Amino acid sequence: MSQIVEGDKDFMPINGTDYLEFYVSNAKQAAHYYKSAFGFKSLAYKGLETGSKELESYVVVQDKIRLVLTSPLKSGTEVGKHIDKHGDGVKVTALWVDDATYAYNEAIKRGATHYMKPVTEKDEHGEVVRSGIYSYGEVVHIFVERKNYNGVFLPGFVAWETANYNPEPVGLKYVDHMVGNVALGQMNHWVKFYEEVMGFTQIMSFDDKDISTEFTALMSKVMSSGNGRIKFPINEPAPGLKKSQVDEYLEFYEGEGVQHIAVATDNIVKTVTELRDRGVEFLRVPDSYYDVLTERVGKIDEDIEALRPLGILVDRDDEGYLLQIFTKTVQARPTMFFEIIQRKGATSFGKGNFKALFEALEREQELRGTL
Ligand code: TYF
Ligand code: FE
């Protein structure tokens, strides 16, 4: 029997990911891309028509995943500066909490850097409290407390209805994990930040021997919130013969930031087939990967001959297995990409695929002349 003592208390209970906000140079077109290619639907809008004179945001949704695409309407804004430096990328990971004031106060007390004091926003649909702290690079976590709110998204947004164009969803369900790339020597600093400021625990660690090919290497530690609903792996480059994908990211993003967002599906074959048909491009491992797959992971429910043409990867741990695949980078700069993941019991991250995956990433780097 476990005894609850003060120190065991999860001081930062998080219910899940509330939304992800991207700063992009053309929110209107980005929103259309997430609808047409990734199967999101129109949800909410804020811009000139709603009295927002500096920034325009489009919100799209698929099951539990909400993406906010934000662009400046004039020069000189913070959003514009962010885009000028980093290109398109993730600015905000919004975390759904019961008390955004408490979460902010706890985080600040434990050493977090302030981004946004708790503010209450209201409209005829209710009330939302938000607050925010900085994470690595210029990424921020916004705590969202949705009191009794029943509007489309947040106060200030109106419904964005597009009766003539709402593509079918592709089966994306929720954010499984979100990975950050940090600078050389900084991984343990951010591990400590998530432990001390957010009450997270480290659930996994990969060193440069786990994650290396003949040419490149990286290290990674996975941080998890107390209830496991939020998982943030953190990567750091490791010395290798050639420039690793993390170094390439840091160079092109001009700093630390979000490297990939893993989204869960419960039918990866169907989801990936749909995504490919809509023009999403995926990394590929050599065909020989599939020749030895059964030997490596044992029997699985899926037909390996259905996975092979799609390039879906499989890995097993003590608890079960997982299927995963990675898109190519999705904006002008070779920075952020998506992972599609289906878990069949496994709680790990696909260590058995690291080598094949990183070799596939190196082939992309080679084509860009950045290896
Ligand atoms: O999130 C993970 O740990 C896996 C594997 O640069 C991974 O998706 C790790 C690092 C990386 C790409 C994928
Ligand atoms: Fe991942």
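These values consider heavy atoms only, across backbone and side chains, with no hydrogens, waters or symmetry-generated copies. For ligands, and for the atoms within them, numbers begin at 1 and follow the listed sequence. Computed from a prediction, not measured in an experiment: that's the story for all the values here. Index from 1, following the sequence.
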**Message:** Nearest N/O/S atom of His177 with respect to the Fe ion (ligand 2), by atom name, please.
**Reply:** NE2
**Prompt:** How are the rings of Tyr253 and His86 set relative to one another: parallel (under 30°), tilted (30 to 60°) or perpendicular (over 60°)?
**Reply:** parallel
Is there any protein N/O under 3.5 Å from an N/O of ligand 1, and what does the full list of such pairs look like?
unit_1   : atom_1 : unit_2 : atom_2 : d
ligand 1 : 1 (O)  : His177 : NE2    : 3.0
ligand 1 : 1 (O)  : His260 : NE2    : 3.1
ligand 1 : 6 (O)  : Gln245 : OE1    : 2.9
ligand 1 : 6 (O)  : Gln245 : NE2    : 3.2
ligand 1 : 6 (O)  : Gln259 : NE2    : 2.5
ligand 1 : 8 (O)  : His260 : NE2    : 3.2
ligand 1 : 8 (O)  : Glu339 : OE1    : 2.8

**With Lys344, the salt bridge (Lys or Arg N to Asp or Glu O under 4.0 Å) member among Asp315, Asp301, Asp317** = Asp301
**Message:** Distance check below 2.8 Å: does Glu339 bring an N, O or S atom to the Fe ion (ligand 2)?
**Reply:** yes
**Request:** Would you please indicate if the ring centroids of Tyr45 and Phe153 are separated by under 6.0 Å?
**Result:** no
**Asked** Mind checking whether Tyr149 and His125 have parallel, tilted or perpendicular rings, split at 30° and 60°?
**Response** perpendicular
**Request:** Examine His32 together with Tyr58 and report whether their ring centres are nearer than 6.0 Å.
**Result:** no
**Prompt:** Taking atom types as modelled and ignoring hydrogens, do the side chains of Thr162 and Lys35 form a donor-acceptor contact shorter than 3.5 angstrom?
**Reply:** yes
**Message:** Would the distance check show the side chain of Glu256 and the main-chain N or O of Ala183 forming a donor-acceptor pair, the cut-off being under 3.5 Å?
**Reply:** yes
